[in-house]
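For reference, the structure is listed below as structure tokens.
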Protein chains: 2
Amino acid sequence: MKKKQVSLKDIAKEVGVSIATVSYVLSKGKDSRVSDAMSEKIREVAKRLNYQPNIIAQSLKSGTTNTIGLILADISNPFFANLARVIEDEAAKYNYTVIFGSSDEKATKSKQLIDFLSSRQVDGFIIAPSEGSEDQIHALQQQGIPVVLIDRFFPNISTDYVIIDNYESSYRVVAELIRSGHRRIGMLAYTDGLYHMQERIRGYQTVLSDNQLVEAPEWLGKISYTNGKKEIEAAIDSMLAGDKPIDSIFFATNTLAIHGLKYLGKLNKKVPDDIAVVSFDEGEAFDFYYCPLTHVRQPLEEMGKAAVQSLSNRIKNPKIPQQAICLSAEVVVRKSSSTTTSK
Amino acid sequence: MKKKQVSLKDIAKEVGVSIATVSYVLSKGKDSRVSDAMSEKIREVAKRLNYQPNIIAQSLKSGTTNTIGLILADISNPFFANLARVIEDEAAKYNYTVIFGSSDEKATKSKQLIDFLSSRQVDGFIIAPSEGSEDQIHALQQQGIPVVLIDRFFPNISTDYVIIDNYESSYRVVAELIRSGHRRIGMLAYTDGLYHMQERIRGYQTVLSDNQLVEAPEWLGKISYTNGKKEIEAAIDSMLAGDKPIDSIFFATNTLAIHGLKYLGKLNKKVPDDIAVVSFDEGEAFDFYYCPLTHVRQPLEEMGKAAVQSLSNRIKNPKIPQQAICLSAEVVVRKSSSTTTSK
DNA sequence: AAGATATGCTTAATCGTTTAAACAAAAAAA
DNA sequence: TTTTTTTGTTTAAACGATTAAGCATATCTT
């Protein structure tokens, strides 16, 4: 029942000619020296038999698969999902197929994915690297496999990357809270040592000290990626409980914001009257939140396009110098950071 | 600079033995007749050179890629995104890689994707078929390529599929509106002729007539997939404008619900007091909506698992009889369908 | 000791495609 | 007419892995 796909061989047999001739006609078109009559006939038979070239065989021969491996933290997170969609569409323009994988921020999983995709001979990688994956990235470079990092990068190894200015964005969005009169500003961030998170924290801390606001230790809540929800609630509790309870909070990612906002709801805190809020990222989820959020809007479209562009450049010419792209993000000011009216 | 991946040949040369011997050791393990000393040596060299088998070559030889093609309407739609994630994880358990594509509900795009994925020699397909793609599905079957349809199916061709009982779910969720005292119930659906949409409409119409409610023509708004937003607003306007303005509305998909709810917000209609609402699907987006929605909760997890399971069965044994799986969905009753208090 | 069996490895074909090189026949140049 | 060039097609090797079959040696049988 399982009919084999038709191959060049089948066409060759049908026409009564060698496989090579068929290949020349079908892959070279006018550039081959095959006679017009023969070309015509071959093309007709190919069409009749519904010939589709076997890309696996082409890949084996050419050593190139026109496929790129995309490793993200978590594809069910809207930030990454949207980024993935942009990358997929953009890659299609360059005639690349994308194969995805979610690392769940674990270096072990990221290693598995890299090995897996490498053995599938992807032509290059776009990776949002997880903590502790420097070696993996470095190893890829050693093997001469093109890699572009996205969203995060490692300052101590030289790679192509596309990021945003996390320090600057963080500074500006928190400055917005200060501008509107808030003085006791908490921040929820992840514990990991990834550079982009460090930069977001640095932005927060710098803008505080630039404004002579002395940060209380419990204001900065560090959450581990794995059991986030519990820790988020505990962190918010202690920010609100201290002798200097916060009047506003900065969420360093959209996931932190979603859980954080839900918890504030449970505590019956009204935004922005009881507590003002600013956040990184934006998602459909916030469209229905009762108070529009002041947030850092990352240029996903540009990031995705730049990453595919860079990767394509490097695949075409591995010797080009490092491409380090840092985009700036927009701070969108909405109601959630506005001045408390009742105080 | 571009170092070629190490192959069996490289190991063979290094050890001073034939390629076949290396292959036997690495792929057959203890079952080969290669001496322990030699096996040891080969394994050590393979490890030292960081050998990774070339899956492209294996695929060419075996004629199987351990890859499945997944074609969905739109991967940026949370319903499909979540379904995709379930399928990806489940497929991984069967040692399958998933390659995605979004058809955007267009038969032409779906055709392209099928051709593209076929030439990449996927072992099978999971497809949420778009309108007018019967021929494509049928052609795949003719070629003996395993296909499992998901979310929708075609009643006139015999395929494996996994769906939910759309008629039943629709009937039950609208019945909930009637139970809580609503009499003038609108519905927003898509125009397309796909079976699942027809069934949802049939459920709505049947429950109305079963309750002696005579439907006004403007109560059923049919929206085209492409320029949805405009049409949604127009349809809602006319539902509210007639001499029998609706007191409640049923959204046939989550996308319709999102746009519909936003528009109701613009019109300053409060849910459920001004208008009650029930919907198909659920998403993060609704978590922050002020009024929890009564909705049909599709068993995504089960659907995805069943689809992968079915496909795997058929790949293993193409001759098994048709697998038609119809799951039942849960109607989650929340506040949005509750009785109007002020009337 | 002679034949049978087991052991350990190699040869060669195969998957479907590409492409340099070879070759025969026809056309052009000498 | 002979040589050269062009035209149209075929041969064969290659990509990397798998695997049936082959072929020496070595080890058992009896």
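Proteins come first, then strands; the chains are lettered A, B, ... in the order of their sequence lines, and each starts at number 1. Fair warning: this is a prediction, and the values are worked out from it, not measured in the lab.
For Ser62(A), no side-chain nitrogen or oxygen approaches OP1 or OP2 of dT17(C) to under 4.0 Å.
Remark: the Arg120(A) side chain and the Thr67(A) side chain contain no N/O donor-acceptor pair separated by less than 3.5 Å. Checking Gln309(B) against Tyr94(B) by side-chain atom types alone, a donor-acceptor pair falls below 3.5 Å.
Among the protein residues, Ser35(B) comes within range of the sugar-phosphate backbone only, with heavy atoms under 4.0 Å from sugar or phosphate atoms but none that close to a base.
Closest of all the heavy-atom pairs between Ser118(B) and Leu140(B) is OG-CD2, 4.1 Å. Across all non-hydrogen atoms, the minimal contact from Thr159(B) to Gln141(B) is CG2-NE2, 3.2 Å. Val86(A) and Glu301(A) make their closest contact through CG1-O, 3.6 Å (heavy atoms, listed as atom of the first residue, atom of the second, distance). Residues Ile56(B) and Asn54(B) approach most closely at N-OD1, 2.8 Å, considering heavy atoms.
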Begin from the C-alpha positions of Ser59(A) and Gln121(A) and carry the test side-chain contact (heavy atoms from CB on, under 4.5 Å) through to its verdict.
CA-CA 9 Å; Ser59(A) 292; Gln121(A) 314 298 117; over 6 Å; no
For a side-chain contact (heavy atoms from CB on, under 4.5 Å) check, start with the C-alpha distance between Val45(B) and Val22(B), then their side-chain angles and the critical distance, and finish with the verdict.
CA-CA 10 Å; Val45(B) 172; Val22(B) 178; over 6 Å; no
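Direction change of the helix axis from one end of the helix from dA1(C)-dT30(D) to dA29(C)-dT2(D) to the other is 60°, with five pairs defining each end axis (rounded to 10°).
Taking atom NZ of Lys41(A) as the reference point, atom P of dG8(D) lies 16 Å away to the nearest angstrom. The separation between Lys13(B) atom NZ and dG16(D) atom C1' is 13 Å, rounded to whole Å. Put simply, CD1 on Ile42(A) is 12 Å from C1' on dT10(D), counting in whole angstrom units.
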Sugar-phosphate means primed atoms, P, OP1 and OP2; the rest is base. With that split, encode nucleotides 17-23 of chain D 5' to 3' as B, S or - using protein heavy atoms under 4.0 Å.
BBBB-B-
